[in-house]
Every structure is written in C-alpha cells, then in structure tokens.
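Comments concern the structure below.
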Amino acid sequence: MLHHFFTELRAAKIPVTTREYLTLLEALDKGAIDPSIGHFYSVSRAALVKDEKDFDKFDMVFGHVFKGVETLGALFETEEIPDEWLKAMMQRLLTEEEMAELEALPFDELMETLKKRLEEQEKRHEGGNKWIGTGGTSPYGHSGYNPAGVRIGGQSQHKKAVKVWEQRRYKDLDGERELGTRNLKVALRRLRKFARDGAQEELDLGGTIDATAKQGWLDVIMRPERRNAIKVLALFDVGGSMDPYVRMCEELFSAARGTFKNLEYLYFHNCPYEGMWKSNLRRRAETVPTFDLMHKYPADWKVIIVGDAAMAPYEITHPGGSVEHWNEEAGAVWLQRLVDTWPNLIWLNPQKEDWWEYSYSTRLIQDIIGPHRMFPLTLEGVDDAMKELAR
C-alpha cells in the first residue's frame, strides 16, 4: 500500500523523491509515528511534501489511497488496522478521569458491541440508548451524550467520544483555482533577494564568537537586519469589468504588503495613460503623472500590473480612446513606455486564460508587452510570474 501511495503521489505531479519515501519508511520502522491514520497523515505530509501549494493534491491522493482504511465497514473487515491502533487513539483522547469512567465498559467490549450493532441495525435511528443514531444516550452515533461512546459522523458535542469515525472530505484547491491571501504569500515568496541594510541592530552571533575569542573578552558584534531587497511597483486596474475581481485583488494586495517591504502601488482604469492615482477617493484631485513614476522608480524595480485587459480596442489603439477623459496619446504608447522603462514587468490577469484568445484587447496588450509576460491570477500563474520576474 505504501509503494502504491508513493507512485500515486508521483502520478499527481507531486515531486516526491525516493529519499523522502525512505525517510517515511524509516519513521515507521522506528516507531516515530503513532498508530493512527491521522498522525500518519501529518507525518507523511511533512516528509513527502516540500511546497505548500501541493498540500491539496496530497490530500486528494491520501484520501484516495487510504479510503479503505477510513471507511467504517472496511475498517472492521481489514486486518491492517489492529486493535492496538484503536486503543492508542483512545488513550490520547481521554483524561485519566475519563479512562476511570470506562473501566466498567472495557474498550474491547465497546468495540465488539459496536460490531454487533452494525450487523443488526437495518435503518436510521434517532434518540434512544442502544442503536447507532443521533441525539440519544447510546454509545454509538453523534449529537447525543455518553461518557464513553464512539462518535460516527456529526460534530463533537461533549468531547467524550473515545473514537471518532467520519468520512474525510478534501476540497480541490489546486493551481487552477483563484488564490487566497495565504497561498498568494507562498507564491510571491519566490521573488526574494535578501540583503543586509539599515541600522546595525541584529546580533551577529558568528562575528561575536570570533571577536570574543580573538580579544579574550566579550566583544558583541552587531549587523544590519537581513531584508528582502526586491522593490515592487504594483499597478491595479479598478472599476468597470474589474468589479467582480475586487476580493481577489484585495487578497493579492494584502499578500504583497506582507511579503515585500519595498512596495509601492497605484491605480488606473482599463489601460495606463498619462496619470495614475494613489487613492480612489481622491483620484480626480490627486493624479500622479506617469512620467514622474518612470523617473522616481528606476529600472531595477519589479512591476506587476493587475487587470483583466478587457476594454474596447480603441482605448488601446487611439488617442481620446479612454472612457473617462481625453488622452492625448494612445494607451499603446503608454504601455510601450512602461515596458521600455521597466524590463522586469509582468501582467496578472484574473480572467480565465481560456478566455484571453476571445478578447481582442487582451491580444493587443500581449502583443505590446510580450505574450510571455501575461499570467493568470492562479497559484500556478503567480508562481510562473514570480519566476519570470526573478530572472
């Protein structure tokens, strides 16, 4: 079964190596894993998965491979899970006082009685004190009360169950789905370049040891803190067709602020023109000239443009094409200037990549910035975008 588990993980494109698989087997051999499927799940995920983005794929494979172990009928029919596993689970879940309460009903007897109930019961049962059901005092079922029962499904009410059986359910959150703040932070971390700058406020342990040994007395050496030296300018399209993606952009903005210490951001509508703004509430009165941005932020800044690229084509191709004001120069001119100023520029598109070919404006923007610079706002898309910016 474990070899099958390993091959299924590889088939799911999770980069599991033989060395990691042997480490898991060694942990099993040395008794480092408690005899419960839950603990085996935690340890195997820690040993075999190197990147958080693969957690959901791992969960799906784990649920598929060990499905027979976690379903109630198969658990009784198989000999792969001995009674010692169940006893160990009981000992972890109960306090000494609760264990004392169970002395009148030994665990073996409890499990044997449950097996008989499963064989005899033919229909759903609610209330009562014998059958497997809900809302009663029977030792078997859920949503009731028994000081030493087996919860089957449902939610814990009194924290008294000595054993819990329920179906594990996994939600697919793979690279094709939109991102949450946590996953975005994981993807954005690819764009990191650490350097020591600022005040000397961090203890240099190695330097302190060397200096102390050389001087013969305690010589404390300080050094600047190690920070992410990457500088990012984020440009967000707001309003109109971007309204359905507000939450997604908020999550991206939150993740970026938590990842990049050197982050500046501005807003535009549909296509960048001669001015952008810092606050949507004061966009009419406080517009920042785009030329000023080009001079303020040099070519070593990484630029991330976020927008669905969905607009009338003339907003890109013609002067005066903007839907909000009269632009003296076409949007294509300003896009080209952005590309020329910042070689490290990418565009994140919240629309599904399959739709891009049907949007003329999207194809126009790809022609200007380069097709390899537009990425979907998904886990895989952001990951690829960060690799492009890190080149």
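Small disclaimer: the values here were computed from a predicted structure and weren't measured.
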Minimum side-chain heavy-atom gap H269-V323 below 4.5 Å: yes
Stepwise side-chain contact (heavy atoms from CB on, under 4.5 Å) test for L48 and F6: CA-CA 9 Å; L48 302 176; F6 174 72; 5.6 Å; no
Side chain to side chain, L28 and F40, heavy atoms closer than 4.5 Å: yes
Parallel, tilted or perpendicular: rings of F236 and Y267 (30°, 60°): tilted
Side chain to side chain, L9 and Y21, heavy atoms closer than 4.5 Å: no
Common cluster, L335/V339, ILVMFWY with side-chain heavy-atom separation under 4.5 Å: yes
Validation row: P319, V333 side chains within 4.5 angstrom (heavy atoms): no
Check ion pair D383-K387 (N to O, under 4.0 angstrom): yes
Side chain to side chain contact (heavy atoms under 4.5 Å, CB included) partner of I365, chosen from I368, I369, D367: I369
NZ/NE/NH1/NH2 to OD/OE distance under 4.0 Å, E264 and K278: yes
Minimum heavy-atom distance between L348 and L377, given as atom pair plus value: CD1-CD1, 4.1 Å
Verdict with reasoning, M294 to L338, per side-chain contact (heavy atoms from CB on, under 4.5 Å): CA-CA 8 Å; M294 294 178 181; L338 298 184; 3.8 Å; yes
Flag side-chain contact, heavy atom, 4.5 Å: L233 against L266: yes
Residue pair V238, W277: steps toward the side-chain contact (heavy atoms from CB on, under 4.5 Å) verdict: CA-CA 11 Å; V238 293; W277 54 92; 4.1 Å; yes
Closest non-hydrogen atom pair between P244 and G240, with its separation: CD-O, 4.3 Å
Aromatic ring pairing Y41/F58, orientation class (parallel under 30°, perpendicular over 60°, tilted between): tilted
Side-chain donor/acceptor of W342 to backbone N/O of Y297, under 3.5 Å: yes
Polar side chain donor-acceptor pair, N327 to S322, under 3.5 angstrom: no
Qualifying residue, where the test is side chain to side chain contact (heavy atoms under 4.5 Å, CB included) with V232 and the options are N262, V303, L263, T259: L263
Exercise: do H325 and E274 side chains pair donor with acceptor under 3.5 Å: yes
NZ/K296: more than 12 non-hydrogen atoms of other groups inside 6.0 Å: no
Nearest heavy atoms of F375 and E388, plus distance in Å: CZ-CB, 3.9 Å
Any Q366 side-chain heavy atom under 4.5 Å of W347 side chain: no
Residue pair G321 / Y273: nearest heavy atoms and the distance that separates them: C-OH, 4.4 Å
side-chain contact (heavy atoms from CB on, under 4.5 Å) between M386 and I304, worked out: CA-CA 10 Å; M386 295 306 103; I304 301 175; 4.1 Å; yes
D340 vs R337 side-chain heavy atoms within contact, under 4.5 Å: no
Side-chain heavy atoms of F62 within contact of R45, under 4.5 Å: no
Atom OH of Y314 with >12 non-hydrogen neighbours under 6.0 angstrom: no
Nearest non-hydrogen partners of L345 and R373, listed with the distance: O-CD, 3.2 Å
Shortest non-hydrogen separation from D237 to D308 and the atoms involved: OD2-OD1, 3.7 Å
Ring centres under 6.0 angstrom apart (W334, F291): yes
